[in-house]
Every structure is written in C-alpha cells, then in structure tokens.
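Mind having a look at this structure? Questions to follow.
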Amino acid sequence: SNLTEEIKNLRKAGRIDEAYSRGYELLKQHPNDKFLASSVGWVLYDKVKKLVDTANQSQSIDAESSVSQLKEILGEYYKLKLTRPDLLFSLLLSQILRFPKQIKFLPKFVKWAGVDSFRAEDFQVSTANDGKVFDSLVEKTAREVGKIACELTVQDYPDTRELQNFAITLIDVALDRAKVQKPEWLNYRKALLLNRLGRSTEAQKLLVSFVKQKRSDYWAWHALAKVVETSDPQLALALCAKACLTCRDENFGVSVFEDLSRLAANRGQEKVAKWAADRAFNVRNSNKWKIPQSLRNLLTASWYAGAGNISNAEEVLENIAADAEKVIWQNCPQLNANYLGSFTAKTGKMMLKFGLHSDSVSEEVVSPERGMLKNLNLLMGAPVMVTVDKNGDRLTVVALEKRESGKLFDSMSCKTGRFRLHQKGFGFVEDVHVPHELASQLQNDQTVNLAVVKRFDKKKNQWGLTAIAVLN
C-alpha cells in the first residue's frame with residue numbers, strides 16, 4: 001500500500017526517526033493494517049541495529065542505558081503483535097545477539113516469542129565467501145539464553161525456574177533439529193542449568209562427557225566440582241585441585257582458588273585451604289580487584305592463623321587430584337594389556353604403545369602419554385591394566401596401572417616357527433613380519449617364539465602381523 005511505501009522510502013533515505021514518528025502516526029489512523037505494522041517493525045529493527053552498532057564501536061558506552069533503550073524498542077515490537085516466524089524476527093534476534101554486554105532479559109524475550117518463532121533457515125549454518133562456517137541462529141540463541149538463564153536469581157525474575165526450564169527446552173530443540181557446530185557447549189550449558197534446578201545426577205552425566213573433551217581446561221573441571229559438591233564433597237575437592245593444576249592464568253581462575261580453599265577447610269585440610277585462600281587474595285590484590293566477603297571469611301576463619309604453609313603445592317595438589325580423572329572414566333572398560341614402549345610423535349607429543357588381546361589376536365594401541373607414566377618404571381612387555389575410551393572404532397588408553405599378578409607379554413599373541421632371513425635384513429616366521437632390530441638377534445632357520453601384534457601397514461594399505469619381541 002501507499003502507506004507502507006512512504007515508510008519504506010523514509011527508511012531507504014536513512015531518515016529513521018521520521019519513519020518512526022510517521023509510522024506510529026499512520027498506525028493510529030489504521031490500527032488494523034498488518035502491512036503497516038510490519039513496516040513499523042522494520043523501523044524498530046533499524047533502531048536496534050543502530051543501537052547495537054554504536055554499542056560495539058564505542059568504548060565509553062553507558063551499557064545500562066543502552067540495555068534499557070533496547071528493552072524499550074523490543075517492548076514496542078511486542079505490542080505490534082506481528083506474526084512469526086518471519087525474517088524480521090530472525091534479523092532482530094541476530095542483532096540482539098551482537099550486543100556487547102549481557103542482556104538479562106534475553107531468556108524472557110525468547111520465551112515470550114517461543115521456539116516456533118524460528119524459520120527453517122534459522123536451523124541451518126551459513127557459509128561465508130571464504131568458506132568460514134557460522135553457527136545457526138538457533139544454536140547461537142540457545143547458547144546465550146542458556147548462559148544468561150543459568151545466572152538468573154529469583155531477585156531478577158520470580159519465574160526464574162520457568163526461564164531455566166525453557167532454556168533447557170531451547171537447547172534440546174537446537175540439538176535435535178539444528179545443524180549444530182559445537183554440541184559440547186550446548187550440553188555444558190544444559191548441565192549447569194540442570195544443576196541449578198537441583199537435577200545434579202543428570203548434570204554430572206552430561207558434564208563428564210564434556211570434561212573428557214576439555215581435559216586441559218580448568219573451568220570444565222571447576223564446573224564438575226560445583227555439580228558434585230553437595231553429593232560428594234571429597235570428589236569435589238579432587239576436581240577443584242585438578243582445576244587449579246590445569247589453570248594456566250590465575251587471573252581467570254581466581255574463583256577456583258577460593259572454592260578450593262573452602263572445600264579443603266571443610267575437609268580439615270587447613271594448610272591447603274590457607275595456601276588457596278592466599279593465592280586468591282594475592283591475585284585480587286595485585287589486580288586491585290574487590291575482595292569479596294566470602295574470601296574475607298576464609299582469611300579471618302579460626303583455622304587460618306594456626307594453619308602452616310605448604311612448600312610443594314603442586315605435589316600436594318597432584319595427590320588430592322588423583323581421583324579427579326577416575327570420575328570421568330568410571331564407565332570405561334578396564335583391560336589387561338602389556339606396555340610396549342614409548343616414542344615421540346612428529347607433533348612433539350610423547351606417545352605410549354600397548355598390546356591388547358582382542359578377537360584371537362593382540363592389537364597395538366597407541367595413545368598420548370598425558371602423565372600416565374608418572375613414577376611407573378615399566379619394562380618392555382610389562383603387565384598393566386589400562387582404562388580405554390572407545391571413540392568410534394578407535395581405542396585410546398586414558399589411565400594406566402601396574403598389574404602385579406601378570407607376566408611379561410602375557411596379553412600378547414605368540415607365534416612359534418622357523419625364522420627365514422631376508423637379504424635386506426628383516427625376516428619372516430610364516431606370515432609374521434620380523435623387523436630389522438629383532439632379525440639381527442636371530443639365525444636363519446632357527447626355531448623361535450615371538451610376541452606378535454596386528455599392525456596397519458600404510459605402504460601396503462592393509463593389516464598384517466608384526467613381531468615385537470623374541471620370547472625365550
């Protein structure tokens with residue numbers, strides 16, 4: 001209609017304020033004109049975009065006033081009662097997600113709109129000209145709503161629990177229907193929300209699989225510690241110690257030290273509690289940050305003055321954290337194996353080799369060392385018990401202990417037969433390849449007993465048997 005055309009032209013000319021006042025003037029005269037209402041909706045979109053652009057460009061922006069302006073514009077959008085899903089709503093939401101500060105009312109706004117307000121396109125990823133893939137609008141929204149809803153309290157909104165339940169629903173919709181790029185982050189947010197709602201067993205299950213993928217990130221261990229704290233304070237202490245050990249930057253992890261102090265004090269480990277409280281205080285003090293009351297309470301607690309000092313903090317933390325890894329592998333199988341030595345990969349990572357018996361032949365499993373060899377003096381072929389994580393077809397050894405009752409190479413397949421030496425220095429016993437380093441110990445035609453593993457030959461692109469040790 002001519003009315004919408006007039007608004008459209010004002011928008012095109014960049015005269016947003018005129019388009020806004022003229023739009024509302026016409027709406028008063030034609031309150032039931034849906035097309036006109038939609039035109040005004042697009043003017044509101046322009047206003048939101050301008051507000052967000054300004055907020056992103058300016059350092060000195062007054063965030064509070066920008067957020068209340070944003071809230072006001074969205075209040076007007078709400079009153080227009082436009083039909084959804086539509087392009088306007090999707091673009092409006094995209095702009096809100098660009099806002100540089102956290103928007104507390106976002107869960108409330110998205111819950112009002114409902115999960116049916118997303119178009120089919122909003123569930124798809126988008127690809128830039130340079131091939132870079134961007135998360136779908138649904139995934140971005142679910143992640144942000146989950147993050148904000150988790151931190152809300154009844155003081156913010158009396159219906160906080162409803163908003164948190166909605167955030168979980170939105171995450172589930174994203175995981176179920178969207179082309180999700182980072183499912184682990186959605187599951188992480190969901191776990192924290194479940195914990196807030198008192199569903200800690202479900203939260204722990206989700207977080208355990210997340211921590212498996214993020215074992216070098218302190219905050220993943222810290223999140224799991226917070227979830228298990230009420231049900232298992234001893235395990236929470238171990239997880240918090242692990243978080244401290246993996247924390248690369250104390251400025252980020254300052255809250256971990258405070259939590260470690262509190263948990264250690266509750267378990268009677270006062271030296272550790274004092275060390276951690278001092279650490280939290282020093283980080284805050286050197287950055288001129290506020291000292292929260294919770295930390296002051298630790299520093300003035302009755303046990304603090306009498307607690308001694310720790311000289312070897314890392315060692316003490318390692319001992320406390322010993323059980324932390326166990327919790328994330330508790331449902332993984334433990335298998336008998338033999339240790340087959342170590343090597344350094346091209347990436348510089350130290351790798352370990354193990355022989356595991358499976359399907360009538362032993363196979364070689366190669367895994368990163370990740371501190372597993374610590375204080376274990378293992379001979380070649382030593383009997384060990386390994387915990388394995390199965391990801392697809394690949395097995396990874398994630399934990400290791402000595403097996404006292406076993407014998408060298410006791411989990412390995414054996415092959416007895418006559419050795420045939422090849423002129424190039426390697427040899428064979430029937431179909432088993434004997435590499436140079438073993439062949440050099442043997443005489444041609446000698447009868448030998450070998451420990452054997454199944455190995456993939458990259459040159460031949462096939463599996464074959466290889467000798468790894470000569471058994472007496």
Side-chain angles (χ1 to χ4, degrees), residues 1-58 61-123 126 136-138 140-142 144-145 148 156-159 162-163 166 170 173:
S1 71
N2 292 341
L3 303 179
T4 58
E5 204 59 39
E6 186 184 343
I7 306 296
K8 202 172 171 184
N9 290 334
L10 284 169
R11 281 183 64 221
K12 265 188 182 167
R15 291 151 67 182
I16 308 300
D17 292 337
E18 281 178 65
Y20 175 79
S21 47
R22 181 71 181 133
Y24 273 107
E25 205 176 288
L26 291 169
L27 256 187
K28 262 186 185 161
Q29 298 161 24
H30 309 274
N32 300 322
D33 189 329
K34 287 288 169 209
F35 296 106
L36 183 58
S38 178
S39 290
V40 173
W42 281 104
V43 176
L44 296 179
Y45 165 77
D46 290 335
K47 289 183 74 112
V48 167
K49 186 175 185 310
K50 190 178 173 186
L51 189 69
V52 173
D53 285 344
T54 310
N56 277 312
Q57 283 155 14
S58 159
I61 174 193
D62 176 0
E64 286 297 310
S65 94
S66 292
V67 170
S68 53
Q69 280 176 272
L70 189 57
K71 196 172 183 178
E72 216 170 282
I73 300 170
L74 293 176
E76 291 179 26
Y77 168 78
Y78 163 77
K79 285 174 191 160
L80 289 173
K81 295 188 169 61
L82 298 171
T83 51
R84 297 181 306 279
D86 72 337
L87 178 64
L88 172 59
F89 175 75
S90 301
L91 291 182
L92 202 54
L93 192 52
S94 301
Q95 289 302 331
I96 299 166
L97 292 173
R98 285 182 53 235
F99 194 75
K101 294 274 186 288
Q102 205 173 70
I103 300 171
K104 233 177 208 175
F105 63 80
L106 183 68
K108 195 101 175 152
F109 176 71
V110 180
K111 181 175 182 285
W112 159 76
V115 290
D116 296 333
S117 293
F118 292 103
R119 303 168 305 148
E121 300 91 314
D122 298 333
F123 289 86
S126 53
S136 70
L137 178 63
V138 172
K140 282 191 284 200
T141 308
E144 192 61 20
V145 166
I148 296 167
D156 297 315
Y157 293 108
D159 61 344
E162 274 176 54
L163 293 171
F166 168 74
L170 183 60
V173 166

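Throughout, numbering of the chain's residues begins at 1 and tracks the sequence.
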**Report entry** Short side-chain to backbone donor-acceptor contact, Arg84 and Ala113, under 3.5 Å
**Finding:** yes
Query raised in the report: With a 4.5 Å limit on heavy-atom distance, are the side chains of Ile96 and Val52 in contact?
Result: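 Contact flag for Ile96/Val52 side chains = no.
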**Report entry** Heavy-atom side-chain contact between Pro107 and Tyr157 under 4.5 Å
**Finding:**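 The answer is no, as the side chains (C-beta and beyond) never meet within the 4.5 Å cut-off.
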Query - Side-chain heavy-atom pair Phe89, Leu82 within 4.5 angstrom cut-off - result: no
Requested in this report: Measure the shortest side-chain to side-chain distance between Leu44 and Leu88 over non-hydrogen atoms and say whether it is less than 4.5 angstrom.
Outcome: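 With C-beta onward as the side chain, the pair stays apart.
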Query raised in the report: Where do Trp42 and Ile7 land on the side-chain contact (heavy atoms from CB on, under 4.5 Å) test, with the steps shown first?
Result: CA-CA 9 Å; Trp42 281 104; Ile7 306 296; over 6 Å; no
**Report entry** Basic-acidic side-chain contact under 4.0 Å: Lys47, Glu76
**Finding:**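 Salt bridge: no.
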Query - Side chain to side chain, Leu26 and Val40, heavy atoms closer than 4.5 Å - result: no
Query raised in the report: Does Lys49 pair with Asp46 as a salt bridge, N-O distance under 4.0 Å?
Result: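 Looking at Asp46 together with Lys49, the answer is no, because their closest N to O distance does not fall below 4.0 Å.
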Query raised in the report: How long is the span from the OG atom in Ser90 to the OH atom in Tyr45, to the nearest 0.5 Å?
Result: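 That separation rounds to 11.0 Å.
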**Report entry** Heavy-atom check, side chain of Phe118 versus side chain of Val173, under 4.5 Å
**Finding:** no
Report task. Just say parallel, tilted or perpendicular for the rings of Tyr24 and Tyr20, cut-offs at 30° and 60°. Result ->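 Perpendicular: the ring planes of Tyr24 and Tyr20 meet at over 60°.
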Requested in this report: Begin from the C-alpha positions of Leu92 and Asp86 and carry the test side-chain contact (heavy atoms from CB on, under 4.5 Å) through to its verdict.
Outcome: CA-CA 10 Å; Leu92 202 54; Asp86 72 337; over 6 Å; no
**Report entry** side-chain contact (heavy atoms from CB on, under 4.5 Å) between Lys111 and Leu170, intermediate numbers included
**Finding:** CA-CA 9 Å; Lys111 181 175 182 285; Leu170 183 60; over 6 Å; no
Report task. Give a yes or no on whether Glu72 atom CD has more than 12 heavy-atom contacts from other residues, nucleotides or ligands under 6.0 Å away. Result ->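 No, because the 6.0 Å sphere around CD of Glu72 holds 12 heavy atoms or fewer from other groups.
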Requested in this report: Side-chain contact test, heavy atoms from C-beta onward, threshold under 4.5 Å: evaluate it for Val145 versus Leu97 and give yes or no.
Outcome: no
Requested in this report: Ignoring hydrogens and angles, tell me if any N or O in the side chain of Ser38 forms a donor-acceptor pair with the backbone of Lys34 under 3.5 Å.
Outcome: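 No, the answer is negative, given that no donor and acceptor are paired below the 3.5 Å cut-off.
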Query raised in the report: Do Asp122 side-chain atoms and Arg119 backbone N/O form a donor-acceptor pair below 3.5 Å?
Result: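 Yes, Asp122 side chain to Arg119 backbone: donor-acceptor pair under 3.5 Å.
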Query raised in the report: Nearest 0.5 Å, what's the NZ-CG distance between Lys101 and Asn56?
Result: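 Reported value, rounded in 0.5 Å steps: 9.5 Å.
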Report summary line: Residues Leu137 and Thr141: closest non-hydrogen pair is O-OG1, 2.7 Å
Query raised in the report: Below 4.5 Å, heavy atoms only, C-beta onward: do Leu163 and Phe166 meet side chain to side chain?
Result: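 No, every pair of side-chain atoms sits at 4.5 Å or beyond.
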